[in-house]
Asker: 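Before I ask anything, here is the structure I am working with.
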Amino acid sequence: MTGSVDREFKSITDEISQTGHITEAGLKYILVCPGADNEEYLFATARNVTERYFGRGIYLRGLIEFTNYCRNNCYYCGIRHGNGNAERYRLTEGEILSACDIGESIGFRTFVLQGGEDPYFTDDRICHIVSEIKKKHPSCAVTLSIGEKSYDSYRRFFMAGADRYLLRHETANSDHYGKLHPESMSAENRQKCLFDLKKIGFQVGCGIMVGTPHQTMEHIYEDIVFMQELKPHMIGIGPFIAHRDTPFSDEESGSVGMTLRFLAVLRLLFPKALLPATTALGTADAQGREKGILAGANVLMPNLSPVNVRGKYLLYDGKICTGDEAAECNACLRKRIENIGYHVVDSRGDHPDFEKGGCSR
């Protein structure tokens with residue numbers, strides 16, 4: 001196969017794999033140079049790196065979308081505060097705990113509590129929910145994805161038992177960030193939050209959407225530079241998909257092909273990172289999650305939320321798996337993973353460095 005791979009493409013791919021570095025020109029070449037053989041060489045190289053650290057095991061995270069209220073007005077997001085068409089909901093503590101009970105019974109060892117920045121869920125409420133989950137499910141990890149908070153709030157969540165925190169930085173470029181968010185938000189504060197989380201001891205996840213309005217190749221390279229400074233444990237990327245009730249409703253979706261190539265590049269740059277094949281990838285392409293795994297991803301995040309609210313947590317249009325029961329979705333995903341030669345690992349799936357050293361509270 002290598003005989004039909006573009007020589008420069010192969011050279012850049014091999015250099016990334018061997019050195020963990022990439023130039024801006026090299027990134028552009030990898031992302032835009034056409035050719036199925038080129039693409040497969042990149043993906044195969046990324047798979048080899050993934051298997052070196054994780055074998056062919058895929059980790060599942062049970063996603064619980066517990067509130068779609070949000071104080072922010074991000075221009076791309078379907079649950080933005082200004083969307084009067086959104087049907088709002090909040091799960092009760094009992095509903096959240098019930099979702100965790102179901103999740104552990106069908107093999108999940110990580111629960112991801114995701115929601116908008118909802119003032120109703122105060123630090124006290126979040127801490128109580130986290131501590132109750134940890135009491136009932138002591139062998140499971142709890143991940144929070146609830147936006148920008150103060151250092152003290154993050155510290156409280158950590159002391160309550162939260163293990164991980166997901167906060168997509170969206171873009172490392174301040175000007176680009178300003179084109180995606182209202183003036184009340186800033187790239188600088190988003191990045192500060194991520195470094196605060198890292199300092200406290202969380203396993204930290206950042207990430208971007210590929211193909212957001214106004215995004216350039218230079219912006220994507222800046223994202224890499226930022227991530228190399230942050231050294232995240234998790235990186236979530238997916239294609240931009242527009243929501244009809246946002247200012248970006250008429251914008252084109254991001255490229256699945258470019259998303260997959262960037263995913264593979266990230267695997268080469270961050271060999272130990274936990275990289276999800278995101279729901280957005282599966283929404284944009286019916287085989288998107290499988291393609292993500294074959295490009296170097298090793299995490300899937302099926303939905304544990306009650307079925308009656310799944311269709312209300314719509315960050316973008318067309319989201320998949322809004323009607324499946326948790327057990328049904330879990331069985332389907334496991335079969336699909338097996339069909340491409342991989343298998344689910346029923347463990348917390350911590351970053352390898354945390355498995356060795358852990359962290360103290």
Side-chain angles (χ1 to χ4, degrees), residues 63-93 95-96 112-126 129 143-154 157 165-171 173-194 196-197 205-209 211-215 236 238-251 253-254 278-280 283 303 305-306 308-319 322:
L63 182 63
I64 303 170
E65 296 161 334
F66 67 99
T67 174
N68 72 346
Y69 284 85
C70 190
R71 65 181 181 178
N72 295 325
N73 248 331
C74 304
Y75 302 149
Y76 51 81
C77 185
I79 64 169
R80 63 197 307 266
H81 178 74
N83 181 9
N85 293 324
E87 188 178 351
R88 305 292 177 176
Y89 74 90
R90 295 182 177 107
L91 296 185
T92 65
E93 180 178 312
E95 288 173 320
I96 295 170
V112 181
L113 270 60
Q114 179 173 296
E117 293 190 21
D118 182 353
Y120 172 83
F121 283 98
T122 61
D123 291 356
D124 286 345
R125 285 192 169 107
I126 293 294
I129 290 168
T143 301
L144 295 177
S145 182
I146 53 176
E148 298 179 12
K149 307 288 181 181
S150 69
Y151 184 95
D152 289 342
S153 294
Y154 288 145
F157 301 157
Y165 204 102
L166 304 179
L167 183 66
R168 283 191 176 182
H169 67 281
E170 306 297 358
T171 173
N173 182 277
S174 295
D175 290 339
H176 185 216
Y177 194 94
K179 293 177 180 178
L180 304 178
H181 303 86
E183 291 184 2
S184 58
M185 303 177 70
S186 71
E188 291 73 21
N189 190 62
R190 180 66 60 107
Q191 293 169 23
K192 177 183 180 296
C193 287
L194 283 161
D196 284 348
L197 289 160
C206 64
I208 69 167
M209 292 176 287
T212 50
H214 314 292
Q215 186 183 66
F240 165 76
I241 303 173
H243 189 287
R244 61 187 177 276
D245 295 321
T246 69
F248 293 155
S249 59
D250 295 327
E251 297 286 344
S253 294
T278 59
T279 303
T283 298
N303 207 320
S305 305
N308 67 314
V309 301
R310 290 190 193 180
K312 301 174 185 178
Y313 197 89
L314 295 178
L315 307 182
Y316 48 83
D317 286 342
K319 182 180 175 184
T322 57

Asker: Looking at every non-hydrogen atom in both residues, tell me the closest pair between Thr67 and Tyr313 and how far apart they are.
Answerer: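 In terms of heavy atoms, the two residues are closest at O-CE1, 3.2 Å.
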Asker: Taking the six-membered ring of Phe66 as reference, does the NZ or CZ atom of Arg90 fall below 6.0 Å from its centre and within a 45° cone about the axis?
Answerer: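 Because its charged atom misses either the 6.0 Å distance or the 45° angle limit, Arg90 does not stack over Phe66.
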Asker: Could you measure the distance from the NE2 atom of His243 to the SG atom of Cys77? Nearest 0.5 Å is fine.
Answerer: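 Going from NE2 on His243 over to SG on Cys77, the span is 8.0 Å.
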Asker: Mind checking the NE2-SG spacing from His169 to Cys193? Nearest 0.5 Å is all I need.
Answerer: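 His169 NE2 to Cys193 SG: 13.5 Å, rounded to 0.5 Å.
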Asker: Less than 4.5 Å apart, any side-chain heavy atom of Gln215 and any of Ile208?
Answerer: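 Result yes, sub-4.5 Å side-chain heavy-atom pair found.
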Asker: Would you say Asn72's side chain and Cys74's backbone share a donor-acceptor pair under 3.5 angstrom?
Answerer: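 Side chain of Asn72 to backbone of Cys74, a donor-acceptor pair under 3.5 Å: no, none is there.
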Asker: Has the side chain of Gln114 got a donor or acceptor atom that lies under 3.5 Å from a matching backbone atom of Ile146?
Answerer: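 Checking the backbone N and O of Ile146 against the side chain of Gln114, no donor-acceptor pair under 3.5 Å is found.
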Asker: Atom CG of residue position Asn308 - does it have more than 12 heavy atoms of other residues, nucleotides or ligands inside 6.0 Å?
Answerer: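 Check passes, neighbour count above 12.
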Asker: Nearest 0.5 Å, what's the CG-CD distance between Leu167 and Gln191?
Answerer: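 Leu167 CG to Gln191 CD: 10.5 Å, rounded to 0.5 Å.
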Asker: I'd like to check Ile79 versus Leu315 (side-chain heavy atoms, cut-off strictly below 4.5 Å). Are they in contact?
Answerer: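 Of all side-chain heavy-atom pairs linking Leu315 with Ile79, at least one is under 4.5 Å.
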Asker: What distance do Phe240 atom CZ and Phe248 atom CZ have between them, rounded to the nearest 0.5 Å?
Answerer: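 Result: 6.5 Å between the selected atoms.
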Asker: Determine whether Asn303 and Ser305 satisfy the following criterion, side chain to side chain donor-acceptor pair (under 3.5 Å), listing intermediate values before the conclusion.
Answerer: CA-CA 6 Å; Asn303 207 320; Ser305 305; 2.8 Å; yes
Asker: Apply side chain to side chain contact (heavy atoms under 4.5 Å, CB included) to Tyr177 and Glu188, showing your working.
Answerer: CA-CA 9 Å; Tyr177 194 94; Glu188 291 73 21; over 6 Å; no
Asker: Measure the spacing between CD1 of Ile126 and OG of Ser153 and express it to the nearest 0.5 Å.
Answerer: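 Rounded to the nearest 0.5 Å, the CD1-OG separation comes out at 10.0 Å.
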Asker: Does any non-hydrogen side-chain atom of His81 lie less than 4.5 Å from one of Arg71?
Answerer: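 They are not in side-chain contact.
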Asker: By the definition salt bridge (charged side-chain N to carboxylate O under 4.0 Å, His left out), identify the one residue from Lys319, Arg310, Lys312 that meets it with Glu65.
Answerer: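 Single salt bridge (charged side-chain N to carboxylate O under 4.0 Å, His left out) partner of Glu65 among Lys319, Arg310, Lys312: Lys319.
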Asker: Give me the atom names and distance for the closest heavy-atom approach of Gly78 to Asn83.
Answerer: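 For Gly78 and Asn83, the tightest heavy-atom pair comes out as O-ND2, 2.7 Å.
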Asker: Just by distance, do the side chain of Glu95 and the backbone of Thr92 share a donor-acceptor pair under 3.5 Å?
Answerer: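 The answer is yes, because a donor-acceptor pair under 3.5 Å joins these two groups.
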Asker: Can you tell me which residue among Leu91, Ile96, Leu144 is in a side-chain contact (heavy atoms from CB on, under 4.5 Å) with Ile129?
Answerer: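 Filter result, single survivor: Ile96.
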Asker: Ring centroids only, cut at 6.0 angstrom: are Tyr76 and His181 within range, meaning strictly under it?
Answerer: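 Yes, the ring centres sit under 6.0 Å apart.
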Asker: For the residue pair Tyr165 and Phe157, categorise the inter-ring angle as parallel (less than 30°), tilted (30 to 60°) or perpendicular (more than 60°).
Answerer: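 It falls in the parallel class, under 30°.
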Asker: Within the distance-only criterion (no hydrogens, no angle test), does the side chain of Arg190 pair as donor or acceptor with the backbone N or O of Arg168 below 3.5 angstrom?
Answerer: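 The answer is yes, because a donor-acceptor pair under 3.5 Å joins these two groups.
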Asker: Using modelled atom types and a 3.5 Å cut-off, is there a donor and acceptor pairing between side-chain atoms of Asp118 and backbone atoms of Cys70?
Answerer: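 Not confirmed, Asp118 side chain does not pair with Cys70 backbone.
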Asker: Do the side chains of Asp175 and Lys179 get close enough for a salt bridge, i.e. N-O under 4.0 angstrom?
Answerer: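 No, no charged N to carboxylate O under 4.0 Å.
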Asker: If we ignore angles and hydrogens, is there a donor and acceptor under 3.5 Å between the side chains of Asn173 and Thr171?
Answerer: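 No, no side-chain donor-acceptor pair sits under 3.5 Å.
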Asker: If you take all heavy atoms of Ile241 and Ala280, which pair is closest and at what distance?
Answerer: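 Minimum heavy-atom contact is CD1-O, 3.6 Å.
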Asker: Using modelled atom types only, decide if a donor and an acceptor are shared between the side chain of Asp317 and the backbone of Arg244 within a distance under 3.5 Å.
Answerer: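 Side chain of Asp317 to backbone of Arg244: a pair is present.
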Asker: Would you compute the distance between atom CG of Leu166 and atom CG of Leu63 and round it to the nearest 0.5 angstrom?
Answerer: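 Interatomic distance, Leu166 CG to Leu63 CG, rounded to 0.5 Å: 9.5 Å.
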Asker: Checking side-chain polar atoms at under 3.5 Å, does Ser249 have a donor or acceptor matched by the opposite partner on Thr246?
Answerer: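 The criterion, which ignores hydrogens and geometry beyond distance, is not satisfied for Thr246 and Ser249.
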Asker: Between Lys192 and Glu148, is a side chain to side chain contact (heavy atoms under 4.5 Å, CB included) present by the stated rule, with each step listed?
Answerer: CA-CA 9 Å; Lys192 177 183 180 296; Glu148 298 179 12; over 6 Å; no
